[in-house]
Each structure stands twice: as structure tokens, then as C-alpha cells.
Amino acid sequence: MPEFTLIEAVNAAMDYEMSVDDNVIVLGEDVGANGGVFRATDNLQQKYGELRVIDTPLAESLISGMSIGLAAQGLKPIAEIQFMGFIYAAFDQFLCHASRMRNRTRGRLSCPMVLRAPYGGGIHAPEHHSESTEAIFAHVPGIRVVIPSSPARAYGLLLAAIRDPDPVLFLEPKRIYRAQSEQVENNGIALPLDVCFTLRQGHNLTLISWGAMLTETLAAAEKLSEEGIEAEVIDLASIKPIDKSTILDSVEKTGRCVIVCEAAKSGSVAAEISAIIAEEGLTSLLAPILRVSGHDTVMPLFKLEQQYMPSVEQVITAAKKVMEY
Amino acid sequence: MPEFTLIEAVNAAMDYEMSVDDNVIVLGEDVGANGGVFRATDNLQQKYGELRVIDTPLAESLISGMSIGLAAQGLKPIAEIQFMGFIYAAFDQFLCHASRMRNRTRGRLSCPMVLRAPYGGGIHAPEHHSESTEAIFAHVPGIRVVIPSSPARAYGLLLAAIRDPDPVLFLEPKRIYRAQSEQVENNGIALPLDVCFTLRQGHNLTLISWGAMLTETLAAAEKLSEEGIEAEVIDLASIKPIDKSTILDSVEKTGRCVIVCEAAKSGSVAAEISAIIAEEGLTSLLAPILRVSGHDTVMPLFKLEQQYMPSVEQVITAAKKVMEY
Amino acid sequence: MTTIAEFSVQYSQFLDSKSTLKITEEQLASHGINADTLLIFYKHMLLSRTFDTKAIALQRTGRLGTYPACIGQEAISTAIGLTMRSEDVFIPYYRDVSTLLIRGTKMEELLLYWGGDERGMDYSVNREDFPLNVPIASQCLHSIGVAYAFKLRQQPRVAVVVCGDGATSEGDFYEALNAAGVWQLPIVFVVINNQWAISVPRDKQSRCETLAQKAIAGGFSGEQVDGNDCIATQIQLEKAIASARAGNGPHLIEAITYRLSDHTTADDANRYRPIQELEQAQAREPIQRLANFLLERKYASESQLKEVQTQCTQAVEESVQRYLDMPPQPTSAMFEYMYQEMPEQLQQQLSQLSSHRE
Amino acid sequence: MTTIAEFSVQYSQFLDSKSTLKITEEQLASHGINADTLLIFYKHMLLSRTFDTKAIALQRTGRLGTYPACIGQEAISTAIGLTMRSEDVFIPYYRDVSTLLIRGTKMEELLLYWGGDERGMDYSVNREDFPLNVPIASQCLHSIGVAYAFKLRQQPRVAVVVCGDGATSEGDFYEALNAAGVWQLPIVFVVINNQWAISVPRDKQSRCETLAQKAIAGGFSGEQVDGNDCIATQIQLEKAIASARAGNGPHLIEAITYRLSDHTTADDANRYRPIQELEQAQAREPIQRLANFLLERKYASESQLKEVQTQCTQAVEESVQRYLDMPPQPTSAMFEYMYQEMPEQLQQQLSQLSSHRE
Ligand SMILES: Cc1ncc(C[n+]2csc(CCOP(=O)(O)OP(=O)(O)O)c2C)c(N)n1
Ligand SMILES: Cc1ncc(C[n+]2csc(CCOP(=O)(O)OP(=O)(O)O)c2C)c(N)n1
Ligand SMILES: [Mg+2]
Ligand SMILES: [Mg+2]
């Protein structure tokens, strides 16, 4: 079994699906000879040719908008936005058209596209290169938003996203692109969408997170365990739609919940999770639902980025706070 | 004292401020001779000339992006996006630049612009003309989002928005543009930003809403009162930043909260309010926090739009549900 | 200084506003245009006009929502419909009645859409054509994907995408031109220059002498045609489509026409449009222009033309009836097409709503 | 068919890659260019090159973040700086070291920015100039607002905005061109065509013969200059800026140059760029070209030029030291500039964070 980093798993999933399905094509800025600035599309153009692996002109609305046309013709475009900070120009097409094509034509046309983008901070990148605005997309009806947190989940969830008959935003936590290798069978088996993954069982409290922040969340869970606090750790994975039952079941069991995310606090996906629990799981709660998140500030330039991002200690503090409640 | 509808109040506020501050200018599509498709800018071009009331080419990114340049030069642009459904092309400039100019230059340049747009459904408008995606903006650090719900608040809050030294998204609930007239003194006195308005006192439960949905919310409160249930009704007004204390104080008093909004449920501003209460006011709660909202669907074409939008009955049902809890 | 690139823009008009033919009948014939085909052209234009008139009336009486009529634009719209092949893909804006009807869209489908019902965009015939497009210029980028698919699969098909003069100010329009040029895609861009974008006149929209020259920024050719001239529009579109089909890449046609109606039924053009301008434009409109020509040349008689009108009226009335007879969609329809399979969350919301409405 | 519009694009090169002057010394003099001014030009170019070289070294040793060097582009960048007036407003992209230094930005400010510190964009001198701009082409729209303000206030000021060849594919670029044309704004657009947008070569970016012709879509003139020719860039920019200042509207200059470095320090151009191309480009680069000319004409001696290098190195080293000596920002800085007054919510978050970090 090959060892893949997360970025290698992303590459392998695209490669696999391109090899078995001629309708899958890849497009974006620098995805060809360069293989993408993070090498997500490494070697794909050599293998599948310039027609199927397309270096587009530098235009994000084009990338998003042309994917809609490609998808309407039965192709399955995987479009890369180079960094999430440049996705906003692609937002109009994604929201106004990709997400609505099936609905507005009563199913006559559909939009099986994947919009991929590296996201999140922590790699000392320049301005606009460290965004985590998944909440903005999670509010858009008609799409899915998926975020993997390990090589295996990147592989399985990306395959699922490509095969999904509806538009999927696939956000890749670039801080952990190469953080860890794991054995992943390159067998084309997808993981399910619309469900969370419980990464750690525990009965004292529920920690919910996604993407790179699971690193801190899992580390916090380990440390808490040393102090006798057993946290259940849930990888949200599907940001939209959210798998409510896994979350509610866990909170029913533990009675306590801390949500950890990198995005600015107000209006983050953490808010939606909290609201779901406050609406449908309130009686389980033994303590307030805390959010450990970024601040309502712009992600600062990198000298201060560590102060922006939630730390293991902050997660532990929050966990203890709800435990002591 | 003049009687103003909400749209007239919007017009009067711009007119007032243009008359006292030469730096205030208006731009957008059809804002000139036509006075805007809803007549928000009626007569302004005649009064202040073509240079200060600018019909722009049909380009939303231009409208948003040039406002940043205008503001950097010390002008105070009030930019109109014709309908919120067309704001997404303006989003990139607003998020990447308007909201960040002060921060990224450590205050050397700033962006005192207002981006106005009619928003919401219920007027039998064509596709893309009934959006309420305020949550997307409420997640963006560095801006304010303001929504008036009456002529007087439209007047006072728009004046405040124009005078605010930072970018403000000002969303106008077009369903109630002409629903009601009220006496508004055209005296240039602004209302405060960053605070809620408590429209009705009550001790049984807290109803929180904003924009046009306050019509249904207040109507529900009246009916509930007939049945002996006294609802406190809060007009959120400032969607970002949210005035947490008014909300928490009210919920502390009532112990029950229903949030009413027109937007799609998942990731709506209702989620943030709910999360705030679950985080900082949980002990006050005697019942789950319910959200009465739009569905996680696209706003349908108008034949079904009434099924999409929350009704008075739905608010009442939710209120009774939390009361009976 | 040396000149390193030169460009020019041509204008074609073959049937002028006085109904004078500026080419020979032989030339007409060489393009397959004759009395019969012109009468067919006339029928399509008149059907569109009749439909629009009725749609406005339906709106005024509360049986249709806001409606944007195509009145004045029937020649270019018809020419597109008649020159495209059925296997081509049409990517409309929202004033394309004639093109769509020719391609198979039913009048009742259009009425459904403007009547607030998504089923209208589920075209029963021209299944691959795009739905009407409200966000200005965004459709231009869809045409890139469609045409790219043709190229990838080596299909001899063409995408025709339409937008207004106002649309040429939007970023999406230019991104599409540039990409079409880069990949030499089989696309014909048609810019319907009807002189107004709601209240903004053409000269405030762009300083360009022509909108056709925007194609130069995409690295390909653009031209102007008299968009009210049913002969020039046909001949020039034929050429452009054939050229695109043959693999010669994209082309842009700016059709000069005039919006004879208000922008939509929600608009009042008297607020911004000089009445004289409207009157002058009326004298150049395409339907009477062709009628005069048909009558002068004795290609058709007065009574024949009247008969066409009768047929059109009847067809429109029948479709209106079918529209009005359509049973409404259930509330659940709002949920059913969001995804191929309805996610649990939506199912839950639907059942909540249903229980509430019961 | 009649021709209704014609356009052409000119190219200027006055000092070719062999350092041959293609105009007379009188002509040079008439533009105020002489040995002294050329030596100043040389100094600015060399300072930029020296700064870039140092910045790359700082990045490699972990004292700077990802850095995009301007190596190869110094002539056009210097020409912009020298032809603008201080009251004009400069709207940069991110490879504008020479322009910015000439306008007063300090080297340590640029280092701060690329070192991950917002204080770098708080230019202490050129207060109205825009900060560096990462989202490609978005700055073009800012220039519209800036120039509109000049027009509104009837100030004889000019906005100069710079972008790359890749940027010409973005919608924002075209929306800006079109608006600049409509309002006849005092803007000079400079497209730095360095042949690559990361790994995408110029011919995959657009099918246009020139990028200068994109201006035709905005309804105004565009031209090409040899962007490595310090004389052509100066003369043509002078003209364009003077014309804009005089109220004749916008103009676009495409400066043909070459990115001699990797895209940034995070890039490896060997993955996509033929080495021969780089070698050929090296032979056309601006600094040696001017040095050769200065030496040939005896405008300067070898030792004078060496002395310039020494001065540049010293200036750079001093600024690096000031950069490294800067005390860090407090964590609170992240919160302090979000709004003019910190809203309660942010205050609360800041105090939570502070209490946690204590
Ligand atoms: C992106 C976007 N912005 C604004 C609007 C509102 N709007 C609808 S039609 C229109 C004018 C369009 O003018 P033009 O492109 O010339 O087409 P026409 O209506 O004249 O046929 C505007 C501004 C819209 N539909 N989409
Ligand atoms: C909107 C946007 N998309 C993508 C990027 C990532 N990116 C940074 S530089 C660059 C290439 C720019 O090329 P060009 O405009 O030619 O300028 P150059 O770097 O060659 O000077 C890209 C794609 C970005 N910064 N902004
Ligand atoms: Mg028009
Ligand atoms: Mg470049």
C-alpha cells in the first residue's frame, strides 16, 4: 500500500478518477506543466494531455463559470482555485449558477463539478493566502462543502466529491498538506459524504473540529486524557450538509461540547453547530457550548498568525471550563 | 414633520448628507436620471449633478472596487447594488479590500464607504431578485452590516452608516419599502450603530428578528399577547457586529428565545445569535432556542415564495413550543 | 515607433430601414434566401411580437410576473434561431423569445418561467440549451465550458451566446472573450445592442466606437450588423456559425437594434428616454421593414400577412390557455431539485414544513 | 460591408538590446534625457536589483517570507517612478520596488511587509499611494476611484496603476479599462508583460497579438514599449502621463520585459520554463543594457558604475538592519486597525486572548 501525504492523496484521487472516467477533467491556474503551486495536479497533464488538464487564463470567474458549461455537457470538471483567498471572484458563478442549475431547470441540467482550493493559515504565506471562509459557502443551498483532515479522508472524500452529481466545494487544509504520511489503498473506493467521522471515543465531552485544526484538537484530547478527561473527537468533514445525528448523539452522551475552528468567530460554521445543538440537543447540555476559533479580525500577516490561530492550550482551557461547569 | 416610507427615508438620508457634506457621492446602476429602480436616489442627480450622482457602467465589481479608490481619496461613496442577487460580483472587492484597507495600512488609508442593496423576497420578483444572504457578509471582519426595519430606522441608520469611518453594508428590506409611512424628522440626526432596538417589552419570551421579517414577528407578538404570552421583540438592526448585551439581557429575563429570519437556515445570522446565547447565556435558558427561517433551498420562483418565507403562524407555533417546553 | 498590429470593424446592412435591398437578388439566392424563407422569417418575428404583446397584457392583469419584452429585437433573435442547428447549444440572456421558440421551447414554458414557476426552464425539446439568464453577462462564461466540451469531444457543434450592450461592461463578458480566443472555441457571441441598459444609454456604457471591437481584446474578430435587418443578420450569422463549426474559432456580432418597449413591465422608460428617439427607432424596426419589402416585391400579399398574424394570435392564445391550465407545483418541489438525492437535513425541513402547513 | 472603425498599436524601442540608440542625442535632449539623468536611472535600477537579491537571500535564511522579485523589470518600474509627480497616486501590484522607492517608500517598509508585518504598508512618505496588491488585477478598479476623485475635484493629478500580463485575463482589469474610457479618467495603465504568469506563458494567457490592444475594448489607446529600454519607457510614459494630466483621458502601456527570477521564492521556474528562453532574455535585460550604453558613450566610467553598486549595497544593508531591529508588534495590533474604534465584540475577544496568553 502506498504512503500518501494529504496532497499526494489528493493527486492520487484525481489521477484514479481520470484514469477510469474520461469525463473527468482538471482545470485551473498553473495546474498543467507546473502541476499546481502545491503539486496537487502533478503529472496529470503529462498523463492525460493538455485538453483534459487545462491551464486556464488567470481568471477565477472563468474557472468557476466555464465549469458550469462543462458540467452541463456531461463532463465532470475538477476546478482548482489556487488559494481560497482568490475564490471570491468565483463565488458569483458558484452561488448563482452552479448551486442552482439543477433546481432552476427541474433537473434537466445539473452541475457535477468540484471546486478545489487550499485553505487555512499557518504556513507563513503572504497576504490573502491564509483564508478560511468555509462558512460563507456553507450558507449556500444546493452545494456540498467538504474538508478532509487526513490523507485517507482526502483520498476517499475527493473521490466521492468528484462522483457526486452536484457541485462540491472541496477545501484542502494546506497546513497539513505534508504534515503526515499514511498508508492509503489506491483502490478507487470513496468515503461517504454528508457524515462526520468520529476520530476518538470519549464520554466526558465532545470536541468538534475539521481540517487542520484537528491536529490541535486531537493533541488537546490526548493531553486531557492524561488528566482523566476523555474527549470524543468528531471530524465534521462534511461542512454542508452537516451530519446532525452524529453530533447530537455524541452531545447526548457527553453533555458538553467545544467546537474548534480556525475561521473568524462570528458567523463561522461553529455557530451553526452550536445552534443545532441549542435547538435540538439543549436538554443534553450540562455546560455552555464554547467556540475556540479565530478572532473577528482579518488573518494577520504571518508575524502574528500564531496569535490568530487557536492553540492546543486554548482548546484545553475551553474543555476544562466546560468540564468544571 | 414629513411622512416617509422606508424608501423615502433612504432617499431623504442620502439627500440630507449630500447637502451637508460635499464628500458624499452616490454611484450605481441607474441611480441617475432613473433615480434607481426603486427610486432610492430619486432626484439626487438633478440636485447634485452628474459628477456626484454617477450612473456607472453595468459592472458590480467596478462599483465596489472604485468605491475603495474614492474612499481612499477621502470621499464618502454610497454605492448601490441594484439587487442583493447581484452583489456577489462585488463581494471580492468588498471582502479583500474594503474591509481590510485600514488594517493592512495600519490606518494610513481607510474605506468609509456604504454599499446599499435592496434585499429579501416577497414582492413576486424574477429569479435572483429575492436574496437574503446577509450571513455571508456578517462573517467578514472589518465591515458593518446594517438592516433597518422601519422608515425612522432607515433614516437614522443610513445617516450613521454614511458617517461611519469604516465600510458598511446597508441592506434594505424591499418588501417593506412602501409598506408603511411614518413621521420622521428630517433633521440629520443619526441612530447608533452596533446596537439592537427593543421594539416591544415582554417577559415570557424573546423574539429576535430584523428587516422585513419584523412584520411577521411583531404580528405574532400581538397575537401571542392576546393569548397572554408577552414576547419581547428585538430588532437586531446591526447584523454585524451584534449587540450581544441586549440579547443576553433579554434572554436572561425571559429564558426563552425564538429567532426569525428569512434567510436559508443553515449558517444564517440566526445561528450566530443562537450560538452567542448557547455560549454566554445558556444558564438563562428554559427551552431550546428555535429558529424560524427560510429553508436550505434556493428562494423559489415567486409561485412558491410564500411557502419559503416564514409566516406569522410559524412564529406563533415556535413561540408556543418554547413556552410549553 | 512602428505599427505592430492593425484592426478594423465592418458593418453590414443589406435591407435598409426604407426596405431597400442593397444587394442583388442573385446574392440573396446564393445565401438560400428567397420569398419562402423570408416569409418564414416574418412569421417567426411576428410570433415573437405577438407573444410579447400578450405577455405584457398578462402581466398587467396579474397573470404573469415582471416581463422583459423583446419588442424591436425580433430580427436578430429570429436569425439566430434559423441559422443554428438543433445540435448546437444556445445560451440565452432573457430577451430571446424568437430564438428559443424556433429551437423548440414552448411558449407556455416561457410563460411558466415568467409566471414564477421553475418548470418553465425544463425545456421539453431543446434539452441542452441553457435556461434564461438573469445575472448579466454570467452566461458568457457558461458558453466557454459548453464550447470547450465540443472541442474536447471533437464534435462539429457551435455554442451561440447572447447578451446585451450593458453586459459588455461586466468582467465575465471579457473573461469569456479572452478564453474563447485562447482556446479558439466554436462560439458566436451575439451582443444585442438595443441602445439601453435599463436607463443607461449606450454612450454611458462604453466609450468604444463599436461594441464589436471588444472582440479585439479577446484576440479575434468582431463585426457590426444592422440587427433589424433580417437579411444581414442571417447572412452574417451563417458565416460566423459556419466558420466556428469549421474550427476557425470564435467571432462576435454586435447587432444594432433598439428596445422599443420599457426595460420590463416594472420599468417606465419615460423617466429617461427621449420620446423622439423612440419614434425614430420605430421607423427602423424589423417587422414592418420586412413586411414592406415582401409587399413591394410581391413576395407576399396583404392578406397573406394578415393570415400570418391570425395564426400567430391563435398559437399564442392556445399556449396561454395551456399555461393557465397548468396545475401548480406542490410545495415539495422547492426541495426536490436542490440535489439529485435530498439530503437528510432538507428532508427534515420539508417534513417540518409539511406538518406545519397541514 | 463598410469599415466603421480602425485601430492600430505602435511599438517603441529607442535603446535596443545591443545598447544601440535608435534616436539622435538631440531627440534625447529634447526629452530632458542626458548623461546625468541616465546615471540616476541606472542607480535606481541597480538599487532595486540589489534590494531584490538581498531579499531573496533573507528569505532563504528565514528572515523574510515568500518574496516576488522584480529582477528584469527594473527599467519600466524606474521609469514610472521618475515620470510620476509626488502628488500623483501610484497603485502598485507587487513587483514595483523601484517605483515605490523613488516615491518614498522605504526599503525597510517593503521588508516589513514581506516579513509578515502590516506596518510595512504604512508608507511614511507617499501616504496616498496604495499598498501592494496581491489579488491579481483588483487594484485596477481602485485606480478608477482615485482618478474619479481627481476629476471630481478638478485636480491635475494622475493615477498610475500597474499589473502583470496575467492580470489582463481578469474581469476587474477590463471593467477598469471600460470605466476609465467612459469617464475619460486621468489614468495610465501599465501592463508589465514579463511573459509569464507563474507557469502560464503569455501565449496561453491571451490570443491577442499584443496586450496593448486590450485598451481598444475600453475605447482608448494602447501602445507597446520595450520595457527593458530605459529611454523608450521614460519618453512614452512622460507623454502618457502628461496627456492624462491635460485631461485627454486614459492610456495603456504594455511594457515588454521578462521575469528573470522565479515567480517567487516559493516557485521553481525550471519546472516549466525553457532554459534557453531565460538565456535569451538575459541578453535583453535593462541594467547591463544601460551600463553598456553609458560606458560606450563615456557617460560614465567603470569605476563610477562600481561606486554606484557600492552605494546601493550599503543602502540596502542599512535598511535590512533597520528592518531586523524593528521591535515586533503587540498581539493587540491584530485588533486595533480593524475599525477606527474597536467594537465591543472585538474588545472582548482581545481581552480573552490577552488573559489566555498571560
Ligand atoms: C449582474 C447583474 N446586475 C444588474 C442586473 C439588473 N439588470 C437587469 S437588466 C439590466 C440592464 C441590462 O442591459 P443590457 O445588457 O443592455 O440588456 P437589455 O436589457 O437592454 O436587453 C440590469 C442592470 C442584473 N440582472 N444582473
Ligand atoms: C486573483 C488572484 N488569483 C491568483 C493569484 C495567485 N497568483 C499570484 S501571482 C500570479 C501570476 C500573476 O501573473 P502576472 O499578472 O503576469 O504578474 P507577474 O507575477 O508575472 O508579474 C498568480 C496566479 C492571485 N494572487 N490573485
Ligand atoms: Mg441593452
Ligand atoms: Mg507576468
Side-chain angles (χ1 to χ4, degrees), chain A residues 60-61 85-96 99-100 103-104 127-128 133 135-142 240-242 257 259 263-283 285 287-291 294-301 325, chain B residues 60-61 85-96 99-100 103-104 127-128 133 135-142 240-242 257 259 263-283 285 287-291 294-301 325:
Chain A
E60 286 74 15
S61 190
F86 312 128
I87 208 169
Y88 309 111
F91 187 53
D92 184 50
Q93 287 283 351
F94 203 62
L95 178 146
C96 288
S99 74
R100 300 179 185 198
N103 183 64
R104 60 196 301 267
E127 218 177 347
H128 301 280
T133 46
I136 286 171
F137 290 86
H139 187 49
V140 178
K240 181 185 191 71
I242 288 180
C257 183
I259 309 159
K265 182 169 190 174
S266 293
S268 60
V269 173
E272 177 59 28
I273 297 171
S274 184
I276 289 171
I277 301 170
E279 192 158 23
E280 301 183 41
L282 190 84
T283 43
L285 283 180
I289 307 167
L290 297 190
R291 292 180 278 172
H295 318 296
D296 287 335
T297 66
V298 175
M299 166 63 95
L301 289 187
Y325 200 81
Chain B
E60 286 74 16
S61 190
F86 312 129
I87 209 168
Y88 309 111
F91 187 52
D92 183 50
Q93 287 282 352
F94 204 60
L95 179 146
C96 289
S99 74
R100 301 178 185 198
N103 183 65
R104 60 196 301 267
E127 218 177 348
H128 301 280
T133 45
I136 286 170
F137 290 85
H139 187 48
V140 178
K240 181 185 192 70
I242 288 180
C257 182
I259 308 160
K265 183 170 189 172
S266 294
S268 60
V269 173
E272 176 60 27
I273 298 171
S274 185
I276 288 171
I277 301 170
E279 192 158 22
E280 303 183 39
L282 190 84
T283 42
L285 283 181
I289 307 167
L290 296 190
R291 292 180 279 172
H295 318 296
D296 287 334
T297 66
V298 175
M299 167 60 97
L301 288 187
Y325 199 80

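Residue numbering restarts at 1 for every chain, and letters A, B, ... go by the order of the sequence lines. Source: prediction; values computed, not measured.
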Interface moiety of B:L95 toward chain A, non-hydrogen atoms closer than 4.5 Å:
side chain
Can you tell me which of B:I259, B:I273, B:L290, B:I242 forms the most heavy-atom pairs within a distance under 4.5 Å of chain A?
B:L290
Where does B:F137 contact chain A at under 4.5 Å (heavy atoms): side chain, backbone, both or neither?
neither
Taking the side chain as every heavy atom from C-beta outward, state whether A:R100 and B:H128 have any pair of such atoms under 4.5 Å apart.
yes
Working to the nearest 0.5 Å, report the span between CD1 of A:I289 and CD1 of B:I276.
13.0 Å
Picking from A:A89, A:G85, A:A138, A:C96, which has the most non-hydrogen pairs under 4.5 angstrom with chain B?
A:C96
Fit a plane to each ring of A:F91 and B:F91, take the angle between them on a 0 to 90° scale, and name the class: parallel (under 30°), tilted (30 to 60°) or perpendicular (over 60°).
tilted
I'd like to check A:L282 versus B:L282 (side-chain heavy atoms, cut-off strictly below 4.5 Å). Are they in contact?
yes
Please report the interatomic distance CG(B:N103) to OG1(A:T297), rounded to the nearest 0.5 Å.
7.5 Å
Does B:H139 reach the main-chain N or O of A:S266 with its side chain, forming a donor-acceptor pair under 3.5 Å?
yes
Here the pair of heavy atoms bringing A:A264 nearest to B:P141 is CB-CG, 4.0 Å
Between B:E127 and chain A, which part of the residue has a heavy atom less than 4.5 Å away: side chain, backbone, both or neither?
side chain
Among A:A270, A:P288, A:P300, A:S274, which has the most heavy-atom pairs under 4.5 Å with chain B?
A:P288
Return the set of residues passing side-chain hydrogen bond (donor to acceptor under 3.5 Å, both in side chains) with A:S268 (not counting sequence neighbours), or none when no residue passes.
none
The interface call for B:K265 against chain A, heavy-atom contacts under 4.5 Å, is both
Heavy-atom distance under 4.5 Å to chain A: side chain of B:V298, backbone, both or neither?
both
Main-chain N/O of B:R291 paired to A:E279 side chain as donor or acceptor, under 3.5 Å
yes
Could you tell me which portion of B:A278 (side chain, backbone, both or neither) has an atom closer than 4.5 angstrom to a non-hydrogen atom of chain A?
both
Below 4.5 Å from any heavy atom of chain A, which atoms of B:A287 appear? Answer side chain, backbone, both or neither.
backbone
Between A:L285 and B:L285, is there a side-chain heavy-atom distance shorter than 4.5 Å?
no
Given that the side chain runs from C-beta out, which part of A:F86 has a heavy atom under 4.5 Å from chain B: side chain, backbone, both or neither?
neither
